[in-house]
Protein chains: 2
Amino acid sequence: MTETSRLDFDPIERAGQLWHEHFGEATDEMLLATSIMRVQQLMLARLDAALKPFGITFARYEVLVLISFSRAGSLPLSKIGERLMVHPTSVTNAIDRLESQGLVVREADGSDRRRTLASLTAEGRRVVEQATRALHDIDFAVDGLAPEQQRQAFDLLRAMRSAAGDFPA
Amino acid sequence: MTETSRLDFDPIERAGQLWHEHFGEATDEMLLATSIMRVQQLMLARLDAALKPFGITFARYEVLVLISFSRAGSLPLSKIGERLMVHPTSVTNAIDRLESQGLVVREADGSDRRRTLASLTAEGRRVVEQATRALHDIDFAVDGLAPEQQRQAFDLLRAMRSAAGDFPA
DNA sequence: CCCCGATAGTAGGACATCCAATGAATTGAC
DNA sequence: GTCAATTCATTGGATGTCCTACTATCGGGG
């Protein structure tokens, strides 16, 4: 059989057809919504696959990059969550794993003892550099679109984020 | 401080700026990748919020819809995973929850005892109808784009999926 | 007619994300 | 100055997704 893959057909098209039969219009919205989810799913899978050799996921890679960008070499966990726009508990989780992997270390913040700072270890710096190269090699999984199309896509997504209130007023 | 929200600024723009400083080009790819992830995150949050009154998530909603579309009124779990393009274990998980909620029931397939069929209960049918109305009311969280832009976005995402090998050859 | 490979569903484990609640520390208002 | 409100990080719980492994069943080839 040729059923070796779950991607043997286009379920979104198929689902779309069904939606038209049952609900008429408003189907385009549904198709766009599911497309975004699917693209994210595919892209994340490719990104994670490219990072697998380094033992990290894209979520943790983003944390490493953010810390490596910090001028002081370390960042409070709250800042990380803020910039990555994820819940504080997600940051705690990521830092827990990165720390147990020996890629980052937690330090106390002398000026504000509520805070915990995270900084890269030598190994962490090494990993983030190599991982970055690996991601560049796969064009961050967004190949398939010409540069101009990438701009276009970015602008459209930006409009969606804006409408969802993703930017400061 | 004005630090009352995690969305106080645009972390993607900020990160993009940093990327340019450190890595030069190849930054647009990064921006597009993170935008897609962010839009998906926002959209899913809005969809789940709209479905919360019904006690289901978008993932489970999709399962309900798929079953409601089936001509026979029931579907093998494998078909569900295939059409939604999720792993078989994700389907088992979703059906487990839906069944414990009394929205679907598992039945044995007489013709192939390896299979398990899932069908909607009366309550399941009621929920999927109301949930669909609720999602229509929020335009499936893809408002913010005019119909023409939605088409455009869909086409671009389709190209990305195609490049990622998401369609049959 | 039987056996090996393919298919269906599930169990267990790893990850990531969110929410609610908690404890510690800081800050602002009176 | 002191106390309440806020902020920071963490723990515990719920979801969803994937992978690996395992059992049961089906089916075609010898």
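As the structure is a computational prediction, the values presented were derived from the model and not from experiment. In what follows, chains are A, B, ... by sequence order, proteins preceding strands, each numbered from 1.
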Identify all pairs in which a protein N or O lies below 3.5 Å from an N or O of nucleotides 10-14 of chain C, and state each distance.
{"unit_1": "C/dT10", "atom_1": "OP1", "unit_2": "B/Arg106", "atom_2": "NE", "d": "2.7"}
{"unit_1": "C/dT10", "atom_1": "OP1", "unit_2": "B/Arg106", "atom_2": "NH2", "d": "3.0"}
{"unit_1": "C/dT10", "atom_1": "OP2", "unit_2": "B/Thr92", "atom_2": "OG1", "d": "2.8"}
{"unit_1": "C/dT10", "atom_1": "OP2", "unit_2": "B/Arg106", "atom_2": "NH2", "d": "3.4"}

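- Residues forming a side-chain hydrogen bond (donor to acceptor under 3.5 Å, both in side chains) with A/Asp143 (at least two apart in sequence, or on another chain): A/Arg46.
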Review point. For A/Leu135 and A/Phe58, what are the C-alpha separation, side-chain angles and deciding distance, and is it a side chain to side chain contact (heavy atoms under 4.5 Å, CB included)?
Key: CA-CA 10 Å; A/Leu135 292 178; A/Phe58 188 66; 4.2 Å; yes

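- Regarding contacts with the backbone of C/dC18, a side-chain N or O of B/Gln41 is found under 4.0 angstrom from either OP1 or OP2.
- Using a 3.5 Å distance cut-off with no hydrogens or angles, the side chains of B/Ser74 and B/Glu107 do not pair a donor with an acceptor.
- Spacing between atom CG of A/Asp48 and atom P of C/dA16 amounts to 8 Å, rounded to whole angstrom units.
- Atom-to-atom, CZ of B/Phe58 to C1' of C/dT17 comes out at 17 Å; the value is rounded to the nearest Å.
- Residues forming a side chain to side chain contact (heavy atoms under 4.5 Å, CB included) with B/Gln150 (at least two apart in sequence, or on another chain): A/Asp28, A/Glu29, A/Leu32, B/Val142, B/Leu145.
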Contacts under 3.5 Å, N or O only, protein and nucleotides 24-28 of chain D:
{"unit_1": "D/dC26", "atom_1": "OP1", "unit_2": "B/Arg113", "atom_2": "N", "d": "3.1"}
{"unit_1": "D/dC26", "atom_1": "O4'", "unit_2": "B/Arg114", "atom_2": "NE", "d": "3.4"}

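- Salt-bridge annotation for A/Arg126 and A/Glu123: present, with a side-chain N of the basic residue lying under 4.0 Å from a carboxylate O of the acidic one.
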Exercise for review: For side chain to side chain contact (heavy atoms under 4.5 Å, CB included), just list the numbers for B/Arg158 and B/Phe167, CA-CA rounded to whole Å, side-chain angles, deciding distance to a tenth of an Å, and then say yes or no.
Suggested key: CA-CA 9 Å; B/Arg158 183 191 177 76; B/Phe167 300 101; 4.0 Å; yes

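- Residues that satisfy the salt bridge (Lys or Arg N to Asp or Glu O under 4.0 Å) test with A/Asp109, not counting sequence neighbours, are absent from this structure.
- Here salt bridge (Lys or Arg N to Asp or Glu O under 4.0 Å) pairs that include residues 88-106 of chain B, with residues two or more places apart or in two chains, are B/Asp96-B/Arg106, B/Glu99-B/Arg106.
- At least one cation-pi condition fails for A/Arg60 and A/Phe54: the charged atom is not both under 6.0 angstrom from the six-membered ring centre and inside a 45 degree cone around its axis.
- If you measure from atom CD1 of A/Ile80 to atom C1' of D/dA9, you get 12 Å, rounded to the nearest angstrom.
- Considering only side-chain atoms of A/Arg60, the nucleotide from C/dA16, C/dG9, D/dA9 that sits closest is C/dA16.
- Atom-to-atom, CZ of B/Arg115 to C1' of C/dA6 comes out at 13 Å; the value is rounded to the nearest Å.
- Rounded to an integer number of Å, the gap from CG of A/Leu75 to P of D/dC8 is 13 Å.
- Across the protein-nucleic acid pair, A/Leu51 atom CG and C/dA16 atom C1' stand 15 Å apart, rounded to whole Å.
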